[in-house]
Amino acid sequence: MLIEQIIREKITQAVHELYSQDIQPETVQIQGTRKDVRGDLTVVVFPYLRFSRKSPEQTAVDLGNFLKENVAEISDFEVVKGFLNLVISARYWVNLLSGIHGTEAYGFTPATEASPLAMIEYSSPNTNKPLHLGHIRNNLLGFSLAEILKANGSKVVKTNIVNDRGIHICKSMYAWLKWGEGKTPETTGIKGDHLVGDFYVLFDKHYKQEISELQGKGYSKEEAEQQAPSIQAARELLRKWEARDPETIALWSKMNQWVYEGFDVTYRELGVGFDKIYYESDTYLVGKEEVMRGLEKGIFIRKEDQSVWADLSDEGLDQKILLRSDGTSVYMTQDIGTAKLRFNDYPIDKMIYVVGNEQNYHFQVLSVLLDKLGFEWGRGLHHFSYGMVELPNGKMKSREGTVVDADDLIAGMVEVARKTSEELGKLEGYSEEEALDTYKTIALGALKYFILKVDPKKNMLFNPEESIDFNGNTGPFIQYTYARIRSVLRKAEERGIVTTLKNSGLFSLSVKEQDLVKTVSSFPVIVKEAGEAYSPALIANYVYNLVKEYNQFYHDHSILAETDEDIRNFRLVLSETISRIVKSGMGLLGISVPERM
RNA sequence: GCCUCGGUAGCUCAGUUGGAUAGAGCAACAGCCUUCUAAGCUGUGGGCCAUGGGUUCGAAUCCCGUCCGGGGUACCA
């Protein structure tokens, strides 16, 4: 049993015996003792003053004496300012570490047959342009969240809804037909998603030009936007697509395929993936059917112009459009259809949407709409809402060209990792392939950690001028510490050191060593909290703190020294345990750790 | 206007269910490579936790007001 639990129960008992009051063990407040004060754990005694009718100091002394007599692991206590600081015996810490060291996948709860199934939707790109930094945050959060939920004993299906139809892709198609000269990713050597994105930009360029020309001829802005030949042509393509015109469908398939091949490369670089991919072209009609069903049942209303609406004013929300006056579907319609298909396909207990906070209102509405349509899981939807990535001059806007392209960013990071590594003279003796592999691991570690360490719900800032750091509170810092521990362990093995952890209780532990065991032992709590709060940032900051503590320890203590065998072994086991926690913690973030760097 | 999220060091961010003297990194300055990897470690400076009230033994944390900023708010996705 953990020492905290023992203390809780004994404090409960003490309050009962000394002050004749019954309290709940869970309510006993225990926290780590401040670094500058003697002790390991601290009990807050203020809540018991009204029972004891004594000063905080006297109450703390009473309880301290009781604990010291009744708990073997408590070797001493000290009272400072009414806080009861308990000193825990070295024997306890050694036992604790030994237990952790012997536990497979410490802190992880494997899923069983009976485990709930969570479906996580993330990424969800449009097929008209390449992925950018905003998508990276989405992808990393989604993937990490899946890993965290798995670690907490959940079955997980990762899914992606690809927004593959609509006017946006028709714009790229039109531009390609008109100015593409038959270019393909093969003939140009350009990654498919970028090539299609280039035509999207090209479309926009011509479109804008046409608008200004029309405005010069006396058209209003709105008229010009409607009348421009390019947009007319794109709309015509959309009509043909919806009419299943074979030629249009073929072109659509071809260009989307280019994009998917491009996306796959980026996904692979990021290390994310999906168990099931849905395409909007397959789901939007289902959504329409559902809306029509709702209309028949009288849940929705049709206005004079034939548009279909949901009136959610009794829910404190507005009216929401579900089908346009021309009968075409909107964003909401598609999400209804996609949700229905998913729940047909899987026994989903929890549906999680990883989508930016600009969609908060949308998901509030979606939840209510699904509920009204009679899906009992509607209310249970969870919108994992995250803040946007901002640039120093504000929001990323694709139309203004202020986006940070995902592929460019990754390539740049790898280049910096390579340079830094070469300057430091690391990785000597590694083959070129091994080295490149490590550079990628470090680069992606830096990028992923940079994004995941921030509280998901907050907006975050990315400054492209200052490339992502490799020093300090960063992924590479954590990876570096891991690599160094692995190096120590390799050396120990070379020297034939066999580590058996003795608990003679004859040696004492430094404060740092106790702190490290304490921090390590709280890993399961952090994993659980991260799962409940859906927050990879909790894991990231925990791992950083652990590694920071270890680094300080590393410089103060010799691990391989032939001093006292028991102490040396304790330190080796401690190091090994920490390396394992670091590896699994980083694994929850989708960050791998190199054996050398 | 209404809804919603945020405001902590010059900058980027932490801050457990309300707990002791507010925590890191970056940037600046001063040290530390002959031991296990210096992508590191140690030290110095840097704070009205936006602001005014309230709740209580105790508030960056909870409640109310104000100011500033982001996002959303009926036919974009």
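Please read these numbers as outputs of a predicted model, since none were measured by experiment. Throughout, protein chains are lettered first and strands after them, A, B, ... in sequence-line order, and every chain is numbered starting at 1.
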**Q** Would A:E513 and A:R571 count as a salt bridge (charged side-chain N to carboxylate O under 4.0 Å, His left out) if you check the C-alpha gap in whole Å, the side-chain angles of each, and the deciding distance to 0.1 Å?
**A** CA-CA 8 Å; A:E513 283 162 339; A:R571 288 173 181 169; 2.6 Å; yes

**Q** Using a strict cut-off of less than 4.0 Å between a Lys/Arg side-chain nitrogen and an Asp/Glu carboxylate oxygen, indicate whether A:E423 and A:K419 qualify as a salt bridge.
**A**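 A:K419 and A:E423: not salt-bridged.
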
**Q** Using heavy-atom distances to pick each residue's nearest nucleotide on RNA chain B, tell me which of A:A537 and A:R596 is more 5'.
**A**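 Closest to the 5' end, via its nearest nucleotide, is A:A537.
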
**Q** Under 30°, 30 to 60°, or over 60°: which ring-plane class applies to A:H132 and A:H135, parallel, tilted or perpendicular?
**A**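 Judged by the thresholds at 30° and 60°, the geometry between A:H132 and A:H135 is tilted.
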
**Q** With RNA chain B as reference, determine whether A:H555 or A:K491 sits nearer its 5' end, using the nearest nucleotide of each.
**A**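 The residue whose closest nucleotide sits nearer the 5' end is A:K491.
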
**Q** As a check on the pairing definition, encode RNA chain B in dot-bracket form, counting Watson-Crick and G-U wobble pairs whose two distances are under 3.5 Å, and using | for partners outside this strand.
**A** (((((((..((((.....[...)))).(((((.......))))).....(((((..]....))))))))))))....

**Q** For A:F477 and B:rG40, do the ring centres fall under 5.5 Å apart while the planes stay under 30° apart?
**A**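 According to the criterion (under 5.5 Å, under 30°), no, A:F477 does not stack.
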
**Q** Between CD1 of A:I169 and CH2 of A:W252, what distance do you get to the nearest 0.5 Å?
**A**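 Spacing of CD1 (A:I169) from CH2 (A:W252) equals 9.0 Å.
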
**Q** Using a distance-only criterion (donor-acceptor N/O pair, under 3.5 Å, no hydrogens), is the base of B:rA39 paired with the side chain of A:T474?
**A**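 Answer is no: no donor-acceptor pair is held.
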
**Q** Using atom C1' in both nucleotides, what's the gap between B:rG58 and B:rG43 to the nearest angstrom?
**A**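 These two C1' atoms come out 33 Å apart once rounded.
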
**Q** Taking the side chain as everything from C-beta on, heavy atoms only, tell me whether A:L317 gets closer than 4.5 Å to A:Y361.
**A**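 Touching, per the 4.5 Å side-chain cut-off.
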
**Q** When you check the phosphate oxygens OP1 and OP2 of B:rU21, does a side-chain N or O of A:K81 lie under 4.0 Å from one of them?
**A**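 Looking at the OP1 and OP2 atoms of B:rU21, one of them is under 4.0 Å from a side-chain N or O of A:K81.
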
**Q** On the side chain of A:Q359, is there an atom forming a donor-acceptor pair with the base of B:rA77 - under 3.5 Å, no angle test?
**A**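 Checked by distance alone, the answer is yes.
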
**Q** Would you say B:rA39 has OP1 or OP2 under 4.0 Å from some side-chain N or O of A:Y480?
**A**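 A:Y480 to B:rA39 OP1/OP2: side-chain N or O found under 4.0 Å.
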
**Q** Ignoring backbone atoms, test whether A:Q552 places a side-chain nitrogen or oxygen under 4.0 Å from the OP1 or OP2 oxygen of B:rU42.
**A**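 Yes.
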
**Q** Please confirm whether the ring centroid of A:Y449 lies under 6.0 Å from the ring centroid of A:F477.
**A**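 No, they do not, as the ring centres are separated by 6.0 Å or more.
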
**Q** Can you see if the side chain of A:S325 gets near the phosphate of B:rC75 - specifically, an N or O under 4.0 Å from OP1 or OP2?
**A**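 No, because none of the side-chain N or O atoms of A:S325 sits under 4.0 Å from OP1 or OP2 of B:rC75.
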
**Q** I'd like a table of atom pairs between the protein and nucleotides 11-13 of chain B - only N or O on both sides, under 3.5 Å - with the distance next to each one.
**A**
from   : atom 1 : to     : atom 2 : distance (Å)
B:rC13 : OP1    : A:L461 : N      : 2.7

**Q** When all nucleic acid strands are considered with a 4.0 Å heavy-atom cut-off, which category describes A:F83: base, sugar-phosphate, or nothing?
**A**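 Base, at least one base atom sits under 4.0 Å.
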
**Q** OP1 or OP2 of B:rU37 versus the side-chain N and O atoms of A:K426: is any pair under 4.0 Å?
**A**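 Checking B:rU37 against A:K426, no side-chain N or O comes under 4.0 Å of OP1 or OP2.
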
**Q** Under a 90° cut-off about 0 for the syn range, is B:rC33 syn or anti?
**A**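 What B:rC33 shows is a syn base, its glycosidic angle lying within 90° of 0.
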
**Q** In whole Å, measure the gap between the C1' atoms of B:rA20 and B:rG15 for me.
**A**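 Their C1' atoms lie roughly 15 Å apart.
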
**Q** Do A:P536 and A:I148 have side chains that approach each other closer than 4.5 Å (heavy atoms only, starting at C-beta)?
**A**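 SC-SC contact between A:P536 and A:I148 confirmed.
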
**Q** Can you find a side-chain donor-acceptor pair between A:T33 and A:D40 that sits under 3.5 Å?
**A**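 Note: A:T33 and A:D40 side chains miss the donor-acceptor criterion.
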
**Q** Distance check: side-chain N/O of A:K303 vs OP1/OP2 of B:rC75, anything under 4.0 Å?
**A**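 So the side-chain polar atoms of A:K303 never come under 4.0 Å of the phosphate oxygens OP1 or OP2 of B:rC75.
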
**Q** Students often get this wrong, so: under 4.0 angstrom with heavy atoms, is A:A561 touching a base, only sugar-phosphate, or nothing?
**A**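 Nothing, no heavy atom under 4.0 Å.
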
**Q** Determine the Euclidean distance between corresponding C1' atoms of B:rU44 and B:rU34; express it in Å to zero decimal places.
**A**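 That atom pair is separated by 29 Å.
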
**Q** Looking at every strand, decide which applies to A:I442 at a 4.0 Å heavy-atom threshold: base, sugar-phosphate, or nothing.
**A**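 Base contact - A:I442 has a heavy atom under 4.0 Å of at least one base atom.
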
**Q** If you look at every strand shown and take non-hydrogen atoms under 4.0 Å, does A:K457 touch a base, only sugar-phosphate, or nothing?
**A**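 Sugar-phosphate, backbone atoms only, no base.
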
**Q** Tell me whether the ring of A:F46 lies stacked over the B:rG19 base, given a 5.5 Å limit on centroids and a 30° limit on the plane angle.
**A**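 Ring-base stacking flag set for A:F46 and B:rG19.
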
**Q** Does NZ or CZ of A:R484 lie under 6.0 Å from the centre of the six-membered ring of A:Y554, at an angle within 45° of the ring axis?
**A**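 Flagged: A:R484 positioned over aromatic ring of A:Y554.
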
**Q** Any chance the side chains of A:N128 and A:S172 put a donor and an acceptor closer than 3.5 Å?
**A**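 There is no such pair (donor and acceptor under 3.5 Å, judged by atom type) between the side chains of A:N128 and A:S172.
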
**Q** How is A:Q29 classified with respect to the nucleic acid when contacts are heavy atoms under 4.0 Å: base, sugar-phosphate, or nothing?
**A**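 Contact class for A:Q29: base.
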
**Q** Decide yes or no, distance alone: a donor-acceptor N/O pair under 3.5 angstrom between the base of B:rC5 and the side-chain of A:N360.
**A**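 Answer no: no donor N or O sits under 3.5 Å from an acceptor.
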
**Q** Using whole Å, what does the distance between atom P of nucleotide B:rG69 and atom CG of A:N357 come to?
**A**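 Between P of B:rG69 and CG of A:N357: 18 Å.
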
**Q** What nucleic acid atoms does A:D311 come within less than 4.0 Å of, heavy atoms only: base, sugar-phosphate, or nothing?
**A**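 Result for A:D311 = nothing.
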
**Q** Using a 4.0 Å heavy-atom cut-off across all strands, classify A:E358 as base, sugar-phosphate, or nothing.
**A**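 A:E358: backbone/sugar contact only, no base atoms under 4.0 Å.
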
**Q** Touch check for A:S421, heavy atoms < 4.0 angstrom, all strands: base, sugar-phosphate only, or nothing?
**A**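 The residue A:S421 makes base contact.
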
**Q** Partners of A:Y353 by side-chain hydrogen bond (donor to acceptor under 3.5 Å, both in side chains), sequence neighbours excluded?
**A**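 Result, side-chain hydrogen bond (donor to acceptor under 3.5 Å, both in side chains) vs A:Y353: none returned.
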
**Q** Does A:T42 reach a base, just sugar-phosphate, or nothing at all? Heavy atoms under 4.0 Å.
**A**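 It contacts base atoms.
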
**Q** Ignoring hydrogens and angles, are the base of B:rA38 and the side chain of A:N471 linked by a donor-acceptor pair under 3.5 Å?
**A**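 Between B:rA38 and A:N471, which were checked side chain against base, a qualifying N/O pair under 3.5 Å is absent.
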
**Q** Validate the cation-pi geometry between A:R137 and A:Y386: distance from NZ or CZ to the six-membered ring centre under 6.0 Å, angle to the ring axis within 45°.
**A**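 The answer is no; the distance or angle limit is not met.
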
